[in-house]
Student: 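Have a look at this one before I ask anything.
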Amino acid sequence: MSAFAVPVRRRAVLSGLGRLGWQVSMRGRGGGSTTIFLHHSRTVCSSAVLQQQQPGVFHHVHRSSLAKLTPQQVTNVLRANDASFVMDFDSPVHRFDSNQLGSNSPMEDRRAAGRCLYSGDMLFGVFDGHGGSACAQTVSERLLDYIAVSLMDYKQLCEYKSSMESSTGRAEAVRRFNFANDYSLQEGARRYTEALYKFAREVLAAYDEEAEAADCLRHAFERLDEDLSSEAQTKLPNGQVNFEALQAAYAGATTVVAYVHGADLYIANVGDSGAVLGVHNDDGTWEPRPLSSDHNALNPSEILRVRGEHPRSESTFVVKGGRLLGYLQPLRAFGDVKFKWNKRLQMEVLNTAYNKNLIPVNYYTPPYLTAMPEITHHRLTSNDKFLILASDGLWEPMMKHTAVRLVAEHLIGNHKGRLHFDGIKTLGDISDILKKRRASHSSEVMDQNVTTHLIRHALGGTDDGIEHSKLATMLTLPEEIVRLYRDDITITVIFFNHDHISSLE
């Protein structure tokens with residue numbers, strides 16, 4: 001029985017495992033360590049042993065009776081949702097790869113990519129839902145259109161208005177790239193279209209040719225969030241609550257969007273999904289250049305922002321235990337109206353619809369949450385080779401510099417990565433490393449899609465390559481505990497068109 005290290009995502013989970021049907025027993029050992037035994041009768045895993053260690057150290061999982069996956073079966077799982085697109089038109093984007101791997105059931109992450117029909121600009125988005133997938137699904141279907149409309153010039157807005165008035169269906173603002181696992185909520189299609197048309201008319205009526213792209217992006221984000229809120233308050237013609245709209249507003253989603261306009265790259269971020277640029281320096285080195293910051297309690301400026309928006313008397317609990325009011329981890333998000341609506345509105349809508357009090361404790365001066373994005377502008381050069389957009393499911397197990405290195409190695413054809421010679425003292429040490437490397441490569445599968453390559457390394461990577469047993473176990477963890485080890489992962493990697501960018505420098 002072999003053991004390997006996998007990161008436990010939540011330390012204080014054992015007390016809750018019993019409610020999921022797990023039997024938890026603990027046996028002490030010499031030296032102060034404790035072995036925790038988990039047993040569950042409803043899963044393919046008859047037993048699991050987690051070795052409790054010091055904080056920050058990986059826990060070990062023994063899974064001798066887990067259903068075994070062959071390397072090919074692992075590859076089939078990893079590649080189920082991957083997609084690659086090559087631009088067949090002149091664009092600063094040459095191609096992009098994308099993939100998703102779920103942990104939640106159903107998966108709460110979403111993604112979107114498209115080309116603005118009136119400008120030819122490119123848009124890419126990653127949406128990380130929480131409290132269900134309803135908010136991420138709705139935002140992924142709608143946000144790119146809001147952004148495209150907000151960025152139109154006066155002539156384009158007039159043309160779009162004419163298209164709106166003459167179209168029997170929905171006048172497109174964005175031509176989307178379709179992913180195999182995409183779907184749309186048909187129940188809300190008419191409402192989405194009406195809200196978008198209303199927004200377009202208002203943008204046209206208040207058109208400002210001096211408006212900056214960053215302002216347009218902020219306007220699109222905040223207006224969509226306002227529409228989610230107002231739609232949740234609007235009842236159906238029969239007087240009943242529109243639960244489809246309410247669920248989208250009650251759940252939440254963090255979002256990172258990339259807008260590519262010629263050599264101008266804009267990142268709009270809300271929450272803890274992230275964007276990092278892969279830069280190939282003139283000296284041949286690769287540099288990860290983060291273009292977003294996390295909006296959570298690990299970001300001191302975010303804590304200062306939130307505390308500064310509320311009375312000093314609330315400073316001890318407005319961010320508590322690393323969470324907003326002690327509840328919510330991201331400090332910016334779409335939806336999550338229980339942190340935005342006043343108490344009266346919550347009692348009228350939420351408490352009535354769900355038949356219970358949902359108002360958070362210490363809720364005095366709402367709103368506590370915003371969907372206002374942080375905007376980063378970067379002027380692309382020929383050294384900027386690719387952009388990684390990903391939900392925090394990637395950034396939790398993988399550092400940004402590691403992700404950039406893996407994509408760079410994949411880009412130049414060195415799929416097997418690099419050797420690590422830290423701590424080597426003798427030729428025997430080198431020989432042992434090379435033997436391990438050959439053993440790992442003998443069963444390693446090369447992924448043409450770089451986002452699949454990233455997921456494979458995020459879940460199964462070691463200093464010596466991919467460890468199949470580790471990767472296979474991470475993909476077969478029982479549904480009741482898989483979220484303790486990994487989150488939904490969504491990645492889009494955009495490769496820039498070197499010749500096009502060079503012509504704009």
Side-chain angles (χ1 to χ4, degrees), residues 88-91 110 112-125 127 134-135 137-179 182-238 242 244-246 248-249 255 257 259-262 266 268 334-335 371 373:
D88 59 359
F89 48 86
D90 187 37
S91 170
R110 294 294 186 270
R115 185 187 188 198
C116 300
L117 287 177
Y118 289 82
S119 66
D121 297 336
M122 302 293 293
L123 289 167
F124 303 89
F127 312 89
C135 186
Q137 175 66 35
T138 300
V139 175
S140 70
E141 289 189 45
R142 304 174 66 177
L143 182 58
L144 299 195
D145 292 293
Y146 276 62
I147 292 173
V149 166
S150 71
L151 289 165
M152 289 179 182
D153 61 28
Y154 189 81
K155 180 181 179 182
Q156 292 166 352
L157 282 167
C158 291
E159 291 175 357
Y160 184 63
K161 180 174 180 292
S162 297
S163 179
M164 285 164 34
E165 294 170 345
S166 62
S167 176
T168 56
R170 179 177 179 175
E172 287 188 314
V174 175
R175 180 65 49 81
R176 290 175 176 263
F177 296 90
N178 296 318
F179 301 103
D182 275 353
Y183 72 94
S184 59
L185 296 173
Q186 297 301 320
E187 299 89 343
R190 182 176 178 180
R191 185 176 74 254
Y192 298 173
T193 300
E194 291 175 351
L196 178 64
Y197 284 6
K198 181 180 179 182
F199 177 57
R201 293 188 187 96
E202 292 176 4
V203 171
L204 177 60
Y207 180 74
D208 178 7
E209 64 179 1
E210 302 297 326
E212 299 288 340
D215 296 326
C216 296
L217 288 165
R218 291 189 189 94
H219 188 199
F221 270 63
E222 294 186 290
R223 175 52 181 268
L224 176 56
D225 196 53
E226 291 170 4
D227 284 351
L228 295 180
S229 174
S230 62
E231 291 164 10
Q233 301 171 47
T234 304
K235 293 185 177 181
L236 296 170
N238 62 7
N242 186 337
E244 183 266 320
L246 184 59
T255 300
V257 168
Y259 165 55
V260 187
H261 171 68
Y266 293 86
F334 280 96

Student: Charged N to carboxylate O under 4.0 angstrom, R218 versus E222?
Tutor: no
Student: Hey, would you say the F127 and F334 ring centroids sit under 6.0 Å apart?
Tutor: no
Student: Quick one: are V203 and H219 in side-chain contact, heavy atoms under 4.5 Å?
Tutor: yes
Student: Could you tell me whether the side chain of Y266 reaches within less than 4.5 Å of the side chain of V260, counting heavy atoms only?
Tutor: no
Student: Measure the NZ-SG distance between K155 and C158 for me, rounded to the nearest 0.5 Å.
Tutor: 10.0 Å
Student: Step by step, would you call D225 with L228 a side-chain contact (heavy atoms from CB on, under 4.5 Å)?
Tutor: CA-CA 5 Å; D225 196 53; L228 295 180; 4.2 Å; yes
Student: Mind jotting down which residue pairs meet the salt bridge (charged side-chain N to carboxylate O under 4.0 Å, His left out) criterion with at least one end in residues 140-152? Sequence neighbours excluded, please.
Tutor: R142-E231, D145-R170, D145-R176
Student: Could you tell me which non-hydrogen atom of L144 sits nearest to which non-hydrogen atom of A112, and how far apart they are?
Tutor: CD1-CB, 3.8 Å
Student: Is there side-chain contact between T234 and N242, with at least one heavy-atom pair below 4.5 Å?
Tutor: no
Student: Given side chains that start at C-beta, do those of V149 and M152 come closer than 4.5 Å, heavy atoms only?
Tutor: yes
Student: Evaluate side-chain contact (heavy atoms from CB on, under 4.5 Å) for L117 paired with V174, printing each intermediate quantity in order.
Tutor: CA-CA 5 Å; L117 287 177; V174 175; 5.9 Å; no
Student: Check whether any side-chain heavy atom of Q233 lies under 4.5 Å from a side-chain heavy atom of S229, and answer yes or no.
Tutor: yes
Student: Can you give me the closest heavy-atom contact between A268 and P373, atom names plus distance?
Tutor: CB-CB, 4.1 Å
Student: What's the shortest heavy-atom distance between A148 and L123, and which atoms?
Tutor: N-CD1, 4.4 Å
Student: Y160 vs Y118 aromatic rings, parallel, tilted or perpendicular, using cut-offs 30° and 60°?
Tutor: perpendicular
Student: May I have all residue pairs that pass side chain to side chain donor-acceptor pair (under 3.5 Å) and include part of residues 195-214, sequence neighbours excluded?
Tutor: E202-R223
Student: Determine, stepwise, if the pair D121 / L151 fulfils side-chain contact (heavy atoms from CB on, under 4.5 Å).
Tutor: CA-CA 10 Å; D121 297 336; L151 289 165; 5.7 Å; no
Student: Does the side chain of V257 come within less than 4.5 Å of F124's, by heavy atoms?
Tutor: no
Student: To check you understand the geometry: which heavy-atom pair defines the closest contact between A195 and Y146, and what is its length?
Tutor: CB-OH, 3.5 Å
Student: Nearest 0.5 Å, please: how far is OG in S119 from CG in D153?
Tutor: 8.5 Å
Student: So do C216 and I147 actually touch side chain to side chain, heavy atoms under 4.5 Å?
Tutor: no
Student: Quiz question: by atom type and distance under 3.5 Å, do the side chains of E226 and S230 form a donor-acceptor pair?
Tutor: no
Student: Which pair of non-hydrogen atoms, one from S150 and one from F199, has the smallest distance, and what is that distance?
Tutor: CB-CZ, 4.1 Å
Student: Might you work through the side-chain contact (heavy atoms from CB on, under 4.5 Å) test for T138 and Y192, ending with a clear yes or no?
Tutor: CA-CA 9 Å; T138 300; Y192 298 173; 3.5 Å; yes
Student: Could you check if a side-chain atom of Y154 sits within less than 4.5 angstrom of a side-chain atom of Q156, using non-hydrogen atoms only?
Tutor: no
Student: Can you list everything that forms a side-chain contact (heavy atoms from CB on, under 4.5 Å) with R115? Sequence neighbours excluded, please.
Tutor: F89, M122
